Novice: 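One structure coming up, written as structure tokens, with questions to follow.
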Amino acid sequence: MAMTENQGQGGTLITQAISAIKRDREGGRTNPFGYLFIAPALILYLVFNLWPMFRGFAMAFTDYRFIAESTRWAFNGLDNFKEIFTDKVFLSGLGISLRYLTMYLPLMFVLSLFLAILISRVRVGGQFYRWVVYLPTILPIAVTLLMFRQLFNYKFGFFNNVLMGFGIMDVPNWLGDVGTALPSLMVADLWRSFGFPTLLFLIGIYNISVELYEAAAIDGASWWDQLTQITLPLLKPTFALVIALNVGVIGATESMLVLTNGGPQASTTTLGLYVYQVAFQFGDLRLGYAAAISLLVGMVSALISFISFRILRQS
Amino acid sequence: MNTTVNTHASAPRTAKTFRTLLRQSNIGTHLVMIVVLITIFVPVLWLIGTSFKDRLEFSTNTSAIIPNNFSLVNYEYMFTAIQNLPIYMMNSFIVAIGTTVVQVFCASLAGYAFSRLNFRFRDLIFVGILVSMFIPRSGGLMALYELMTFLHLRNSVVGLILLFGSGVPVTIFIMRQTFLSIPKEIEESALIDGANWFMVFWRIALPLAAGGIVVIATLAFIGAWSDFLTTYTLIDRDNQMTISVGIQKVLATSYETALSPRFRGQFAGEAADATMLIFAATPVVVLYALLQKWFMKGLMEGAVKL
């Protein structure tokens with residue numbers, strides 16, 4: 001397939017990076033055009049990308065409140081972090097976010113792996129299916145989320161009207177009940193993000209040698225045996241990648257912001273939304289405190305990615 | 001595969017060959033796939049169907065995907081009564097096209113330098129940019145808010161263009177790969193004939209890298225058009241708002257403007273909302289359909305490298 005052509009050029013990013021640094025040592029004549037050519041990209045990247053990264057880190061150790069100019073560099077050591085661990089909204093948000101992640105990841109695995117296996121089995125039309133599967137991911141986020149708001153609407157929504165069509169009159173208030181709000185948001189988030197994991201699993205499956213399956217078929221292995229003995233074990237590295245790329249939902253913000261703003265009764269106030277509220281909706285606009293929470297969230301997701309990589313990529 | 005099957009097919013064995021063909025074309029898998037895809041896309045189909053329902057149709061036939069009576073009242077209403085919609089749409093085009101131009105300009109120059117020109121720290125800088133991409137940007141949104149306020153670029157489409165244009169690691173990477181795959185003999189002979197590096201880049205290398213440029217342009221346009229959280233945070237003034245953020249405001253206010261006498265009582269607010277959501281998504285979907293080959297190529301190549 002087309003995607004395996006490029007592998008000859010030198011494996012993953014990391015291995016390419018290492019060989020690039022080695023080549024650099026060999027040296028050579030310096031061409032001033034080089035600096036000129038990379039200048040626009042480098043300047044933009046430094047100002048709008050790297051600076052916010054460093055500044056965001058530093059901000060986590062300040063009591064910066066946007067409405068008070070003088071607090072911009074008011075370093076307060078670890079005070080933000082001490083406050084975080086007694087902050088009731090943070091602690092409940094942490095619970096909600098972890099619950100969200102543990103529901104979201106398995107469902108994402110099942111859905112995207114199922115689609116990838118189906119697509120990998122067709123001989124004609126694979127390209128079309130790949131295109132369709134990625135369509136939800138390119139839709140503007142707000143459009144997808146507002147579409148789900150319509151679907152979940154209590155009176156005029158699609159789901160409830162279908163249920164009523166089947167004679168079920170006691171329909172749930174999807175986004176308005178504590179029990180259903182978080183799962184409903186998750187359906188929307190799953191819907192708009194399953195495309196990329198599906199493509200990753202598909203690449204993983206394409207890279208498994210066909211001969212393995214043929215040999216297994218000769219030995220009389222059923223499709224279930226082939227799935228559990230060949231496909232799943234060989235996809236372990238892809239699982240690690242999908243976890244690393246999706247662990248970010250621990251800081252999910254947009255779906256809550258657009259659909260529930262944390263309600264009902266704070267049952268969807270995830271860490272991501274809380275960060276947003278502290279920074280841009282509540283009183284003083286406490287950017288420093290928000291940055292501190294955000295840093296903690298980032299550390300938790302980095303830790304989860306790291307562990308999953310260690311477990312799934314080294315055996 | 002199909003050609004071998006065809007050449008071996010002789011007349012008396014047509015039935016058997018047909019069965020083999022059926023099996024080899026995975027009809028069963030296609031059927032399952034189509035059922036699954038329809039299930040997944042029911043929300044979109046319903047949204048499209050709803051946009052053609054007038055008030056009566058929507059309230060009596062809410063869950064139908066194909067309405068009994070097609071009506072264009074929602075589209076009429078959208079194009080005539082919603083004042084801000086053209087502004088938002090125009091801003092989205094400005095931001096998306098501006099981002100695309102900035103990205104293509106910066107990334108192709110840099111990609112060319114990283115693939116062809118020799119200079120000190122070249123590969124160190126390249127690797128540095130790539131590696132830094134994987135460091136999570138915790139607090140990045142707060143820092144951006146401060147930075148854009150400081151630069152007087154908050155509430156400005158120019159700010160958004162520069163910001164989205166700065167997301168260069170992936171696009172530089174793709175352009176570098178593109179240039180590396182082009183033979184450099186032509187460029188070398190042009191240099192011997194006295195052309196400088198910029199002329200070589202502009203006249204010879206860039207036209208040959210058209211494939212890579214289409215890939216990064218598509219990625220940049222769709223990314224900029226679809227962004228929500230950053231735009232939502234940085235823009236709160238109507239005349240600078242893009243459709244991906246403005247759509248929420250339009251939906252919230254559409255019930256008030258629904259009182260305009262021409263459309264009173266003719267349409268349901270929810271159906272009009274559906275129409276506007278479709279409108280907001282159309283440009284990226286069209287682009288995605290037109291450039292699907294290029295987009296998928298860029299995406300799959302990027303994903304394989306991960």
Side-chain angles (χ1 to χ4, degrees), chain A residues 3 6 12-13 17 20-21 23-24 28-31 33-35 37-38 40-41 44-45 48-50 52-53 55-56 59-60 118 121-124 129-132 138-143 146-147 150-151 156 158 161-162 165 199-200 203 241 253-254 279-280 287 290-291 294-295 298 302, chain B residues 25-26 29-30 32-33 37 43 46-47 62-63 106-107 109-110 112-113 117-120 122-124 126-127 130 132 135-140 142-144 147 162-163 165-166 168 172 197 222 226 228-229 233 244 247-248 251 270 274 277 280-281 284 288 292 296 300-301 303-306:
Chain A
M3 56 232 64
N6 261 45
T12 63
L13 271 181
I21 288 178
R23 256 181 284 128
D24 203 26
R29 218 163 46 84
T30 281
N31 186 338
F33 275 99
Y35 300 110
F37 276 33
I38 65 168
L44 275 184
Y45 190 63
F48 292 102
N49 222 302
L50 282 187
M53 185 179 91
R55 175 59 180 139
M59 212 183 258
L118 278 181
R121 284 168 54 97
V122 301
R123 194 158 299 148
V124 188
Y129 291 135
R130 291 206 294 264
W131 183 80
V132 175
I138 64 120
L139 290 181
I141 297 169
V143 168
L146 292 167
M147 176 180 82
Q150 303 248 53
L151 293 163
F156 298 110
F158 175 71
N161 276 282
V162 168
L199 293 188
L200 288 176
I203 292 170
L241 197 57
T253 311
E254 281 128 329
F280 303 113
L287 298 189
S294 182
L295 183 63
Chain B
S25 62
N26 324 95
T29 315
H30 281 289
V32 177
M33 193 70 205
L37 285 180
W46 178 74
L47 203 71
T62 313
S63 63
C106 292
L109 272 174
Y112 188 72
L117 307 178
N118 282 317
F119 54 94
R120 230 170 115 79
R122 177 185 78 175
D123 293 331
L124 195 67
F126 176 66
V127 171
L130 281 186
S132 68
I135 304 170
R137 305 294 197 263
S138 301
M142 280 61 87
L144 269 180
L147 175 72
L162 292 174
L163 179 59
S166 78
V168 286
I172 289 181
W197 277 106
I222 291 178
S226 303
F228 178 74
L229 194 59
T233 308
S244 301
I247 187 75
Q248 202 190 10
L251 261 50
E270 285 84 358
L277 290 176
V284 275
Y288 180 60
Q292 54 138 318
M296 274 294 149
M300 293 297 248
E301 272 175 16
V304 165
K305 296 289 170 191
L306 278 171

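All chains are named by letter (A, B, ...) in the order of the sequence lines, taking the proteins before the strands, and each is independently numbered beginning at 1. Because the structure is a prediction, the values reported are computed rather than measured.
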Novice: Provide the closest heavy-atom pair for A/G34 versus B/F119 in the form atom of the first, atom of the second, distance.
Specialist: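 Answer, listing the atom of A/G34 first, then B/F119: CA-CD2, 3.4 Å.
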
Novice: Is any side-chain heavy atom of B/L251 closer than 4.5 Å to a side-chain heavy atom of A/L146?
Specialist: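 Sidechains of A/L146 and B/L251: in contact.
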
Novice: Please state whether the side chain, the backbone, both or neither of B/I222 comes within less than 4.5 Å of a heavy atom of chain A.
Specialist: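 Contact with chain A is through the side chain of B/I222 alone.
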
Novice: Between A/N49, A/L50, A/L295, which has the largest tally of heavy atom pairs under 4.5 Å with chain B?
Specialist: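 Ranked by heavy-atom pairs under 4.5 Å with chain B, first place is A/N49.
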
Novice: Can you tell which part of A/A279 gets under 4.5 Å to a heavy atom of chain B, answering side chain, backbone, both or neither?
Specialist: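 The answer is the side chain of A/A279.
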
Novice: Tell me, for B/L147 versus chain A, whether the close heavy atoms (under 4.5 Å) come from the side chain, the backbone, both or neither.
Specialist: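 For B/L147, the side chain is the part near chain A, not the backbone.
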
Novice: Check A/P140 against B/A280 and note the closest heavy-atom contact, atom names and distance.
Specialist: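 Heavy atoms only, the tightest pair is CG-O, 4.2 Å.
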
Novice: Identify the heavy atoms of A/A41 and B/A110 that sit nearest to each other, and give their distance.
Specialist: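 Between these two residues, the closest heavy atoms are CB-CB, 3.9 Å.
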
Novice: Verify, without hydrogens or angle tests, whether B/Y288 (side chain) and A/L139 (backbone) share a donor-acceptor contact under 3.5 angstrom.
Specialist: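 Answer holds: no.
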
Novice: With only heavy atoms counted, which part of B/L47 is less than 4.5 Å from chain A, the side chain, the backbone, both or neither?
Specialist: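 Side chain only.
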
Novice: Where do B/T29 and A/L118 come nearest, in terms of heavy atoms and distance?
Specialist: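 What the structure gives for the nearest pair is CG2-O, 3.5 Å.
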
Novice: Between B/A107, B/G140, B/A274, B/G139, which has the largest tally of heavy atom pairs under 4.5 Å with chain A?
Specialist: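 It is B/G139.
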
Novice: With respect to chain B, which residue among A/G165, A/A142, A/A302 yields the maximal number of heavy-atom pairs within a distance under 4.5 Å?
Specialist: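 Top count of heavy-atom pairs under 4.5 Å with chain B: A/A142.
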
Novice: Can you establish whether the number of heavy atoms outside A/R55 located under 6.0 Å from its atom CZ is more than 12?
Specialist: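 Yes - once you tally the heavy atoms of other residues, nucleotides and ligands closer than 6.0 Å, there are more than 12.
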
Novice: Would you confirm whether B/E270, through its side chain, and A/Q150, through its main-chain N or O, come within 3.5 Å as a donor-acceptor pair?
Specialist: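 The answer is no, because no donor-acceptor pair under 3.5 Å joins these two groups.
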
Novice: Is it the backbone or the side chain of A/M147 that comes under 4.5 Å from a heavy atom of chain B, or both, or neither?
Specialist: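 Both backbone and side chain.
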
Novice: Do the rings of A/F158 and B/W46 sit parallel, tilted or perpendicular, given the 30° and 60° boundaries?
Specialist: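 Aromatic pair A/F158/B/W46 classed tilted.
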
Novice: At their closest point, which heavy atom of B/S166 faces which heavy atom of A/Y45, and how far apart are they?
Specialist: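 Minimum heavy-atom contact is O-CD1, 3.4 Å.
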
Novice: At a 4.5 Å cut-off on heavy atoms, which part of B/M296 comes close to chain A: side chain, backbone, both, or neither?
Specialist: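 Just the side chain, heavy atoms under 4.5 Å.
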
Novice: I need the residue from A/I138, A/L151, A/V143, A/L287 with the largest number of non-hydrogen atom pairs under 4.5 Å to chain B.
Specialist: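 Highest number of pairs under 4.5 Å: A/I138.
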
Novice: Quick one: CZ on A/F48 to CG on B/L162, what's the gap to the nearest 0.5 Å?
Specialist: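 Spacing of CZ (A/F48) from CG (B/L162) equals 4.5 Å.
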
Novice: Mind listing the closest non-hydrogen atom pair of A/M53 and B/S132 along with its distance?
Specialist: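 Here A/M53 and B/S132 meet closest at SD-O, 4.5 Å.
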
Novice: Could you tell me the separation between the CG atom of B/L117 and the OH atom of A/Y35, rounded to the nearest 0.5 Å?
Specialist: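 Result: 11.0 Å between the selected atoms.
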
Novice: Is B/L37 in contact with chain A via its backbone, its side chain, both, or neither, using a 4.5 Å heavy-atom distance?
Specialist: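 Contact with chain A: side chain only.
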
Novice: Short question: side chain of B/T62, backbone of A/F156 - any donor-acceptor pair under 3.5 Å?
Specialist: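 It does not hold such a pair.
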
